[in-house]
Amino acid sequence: MSRPTPTTPPTKLSKAPTVSARRTTPLALLALAVGAFGIGTTEFVMMGLLPEVADDLGVSIPSAGHLVSAYALGVVIGAPLLAAVTARMSRRKVLMGLMGLFIAGNALSAFAPTYDYLLAARFLSGLPHGAFFGVGAVVATSMVAPERKARSVSLMFLGLTVANVIGVPVATAMGQQLGWRATFLGVSVIGVAAIAALALLIPHDRVGAPVTGLRGELAALRSLPVWLALGTTVAGFGALFSAYSYITPMLTDSAGYADSSVTLLLALFGVGATIGNLVGGRLADHSMRGTLFGGLVSLIAVLGAFPLLMSTEWSAALAVVLLGVAAFVTGSPLNLMVMERASTAPSLASSANQAAFNLANAGGAWIGGLALAAGFGVTSPALVGAGLAVLGLGVAGIAYVVDRRGVRVTPSAGRERVVASHVPVRAEKVHH
């Protein structure tokens, strides 16, 4: 009897994708993308509505900024927690339940009477974020052939990147014209549409309790390769947010753009992120490791060239697009790598990767801010980001060496054991 390999999670929606399933896969992935679109919109729209929220609730802009942090904290806590406690449930029902929690958080945000209530509602809104993407990635990869896994993940994340192109600008304009509460009501409507799409398009799964159980899922996260993959996510996307968090002063103070042009330029970043996400998913199906290395090297080059690129308007606009492309090329391979390295707990591992992404968001912004506070210049956060990308490349290189030596940690009888081989993990397949 053939045993499951590291590239095939032991629990799936079905034993193998049938011809009919493959034909309906694009629609099923669309349902996941609709949910990702709503999540991406509510995550980033608060940044554009801080003045309106602060004025309406009578708090300062820095205090209103804590609403962004509250959401990120919800993601970090909710991602592994919700993925772990729902490990024995139907993934289709879990996805719908997570979107229900998403709707509740945004509806409560819309009707929050005070700043403290809004702070709690934003934390609640962030709780389902990571678990949705984690469980959704497992569902997406289970419905396609093995050679299309990374592409399926990228199609789900397409909703997140498109949100930066369309969702966030439209939601921001809605909040400025109709009041910020209208924005969160609108996002709640997107959540309702996502639940309807999930109910109609995601196939009913027959997944029972995972073979490993909750303890086994948690034990899978003790694997060194998993932590190396998560470390690459933190360093690589920390590099992105070190620069992106301060992109507005770079565009206005260095490149000379007017404040009114920034919204359009940020939409260009979303275009670049969308391109990078789709290209990264396609390339990763051919070479996951090569795509990751190539994306990190590209990110180092783009961030290193930022001081020069931010010297003129046209080159600054190009830099914004290239930053989105280079950063999000690595998204699908990193997510798939974490899932494969924790093959007995793919949902939990993928959710943990989303928590790592949000840690990168907070950490990158903090480190980039240190460079600004030290007086190194308005483009200095980009150079700090280049350094973080180098760190990420180094961690990815260590992970490659570990995989080449074929050492991985697997849970067995409640303990971990080391399995040594000289075959790369990704190359282990069952041939019939």
Side-chain angles (χ1 to χ4, degrees), residues 4-13 32 36 75-89 91 94-95 98 127-142 146 149-150 152-154 156-157 207 209-237 281 284 288-289 292 330-360 392 395-396 398-400 402-403 407-412 416 419 425-426 428:
T5 67
T7 58
T8 305
T11 57
K12 301 165 114 180
L13 293 184
L32 296 172
V75 177
V76 172
I77 294 176
L81 178 63
L82 291 178
V85 299
T86 60
R88 296 175 178 269
M89 297 173 60
R91 288 173 181 149
V94 168
L95 289 170
L98 291 171
L127 287 176
H129 176 128
F132 181 88
F133 283 113
V135 177
V138 176
V139 171
T141 56
S142 70
K149 285 186 175 182
S152 70
V153 172
S154 71
M156 178 187 68
F157 279 101
V207 177
V211 176
T212 57
L214 178 58
R215 181 176 296 180
E217 289 238 340
L218 294 174
L221 292 186
R222 295 201 297 264
S223 167
L224 175 61
V226 170
W227 282 101
L228 288 173
L230 293 174
T232 305
T233 296
V234 172
F237 279 97
M288 184 169 63
R289 188 80 64 177
L292 176 59
T330 65
S332 294
L334 276 172
N335 204 79
L336 194 59
M337 189 176 298
V338 171
M339 291 168 60
E340 291 187 352
R341 297 318 179 257
S343 58
T344 59
S347 297
L348 181 57
S350 183
S351 299
N353 196 50
Q354 294 303 308
F357 180 88
N358 278 269
L359 285 175
V395 176
I398 294 173
Y400 173 72
V402 170
D403 279 355
V407 179
R408 66 187 188 278
V409 182
T410 60
S412 177
E416 292 180 321
V419 180
V425 171
R426 188 168 173 79
E428 295 180 13

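These numbers were taken from a predicted model, which means no experiment stands behind them.
Within the 6.0 Å centre-distance limit, the rings of F157 and F133 are counted as a close aromatic pair.
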Enumerate, atom names and distances included, each donor-acceptor pair closer than 3.5 Å involving a side-chain atom of residues 75-83, sequence neighbours excluded.
none

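Nearest approach of T141 to K149, heavy atoms of both residues: CG2-O, 3.8 Å. Looking at every heavy atom in both residues, A137 comes nearest to S350 through CB-OG, 3.6 Å. Contact detail for S351 and G130: the closest heavy-atom pair is OG-O, 3.5 Å. Considering every non-hydrogen atom in both A360 and T233, the closest pair reads CB-O, 4.1 Å.
Side chains of M337 and R289 form a contact here, defined as non-hydrogen atoms less than 4.5 Å apart. Proximity of L98 to H129: side-chain heavy atoms (C-beta onward) are nowhere separated by under 4.5 Å. Side-chain atoms of R341 and L224, non-hydrogen and from C-beta on, never get closer than 4.5 Å to each other. Residues F237 and L359 are not in side-chain contact: their nearest non-hydrogen atoms beyond the backbone lie 4.5 Å or more apart.
For the side-chain hydrogen bond (donor to acceptor under 3.5 Å, both in side chains) test, no residue two or more places apart in sequence or in another chain qualifies with T232.
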Checking side chain to side chain contact (heavy atoms under 4.5 Å, CB included) for the pair L230/V226: CA distance, chi angles, key distance, verdict? CA-CA 6 Å; L230 293 174; V226 170; 4.1 Å; yes
After noting the C-alpha distance and the side-chain angles of V139 and M156, does the key distance pass the side chain to side chain contact (heavy atoms under 4.5 Å, CB included) rule? CA-CA 10 Å; V139 171; M156 178 187 68; over 6 Å; no
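Between atom OG of residue S154 and atom CG of residue N335 there is a gap of 11.0 Å, rounded to the nearest 0.5 Å. Distance check: S332 OG to M288 CE gives 11.0 Å after rounding to the nearest 0.5 Å.
Judged purely by atom type and a 3.5 angstrom limit, N353 has no side-chain atom pairing as donor or acceptor with the backbone of A349.
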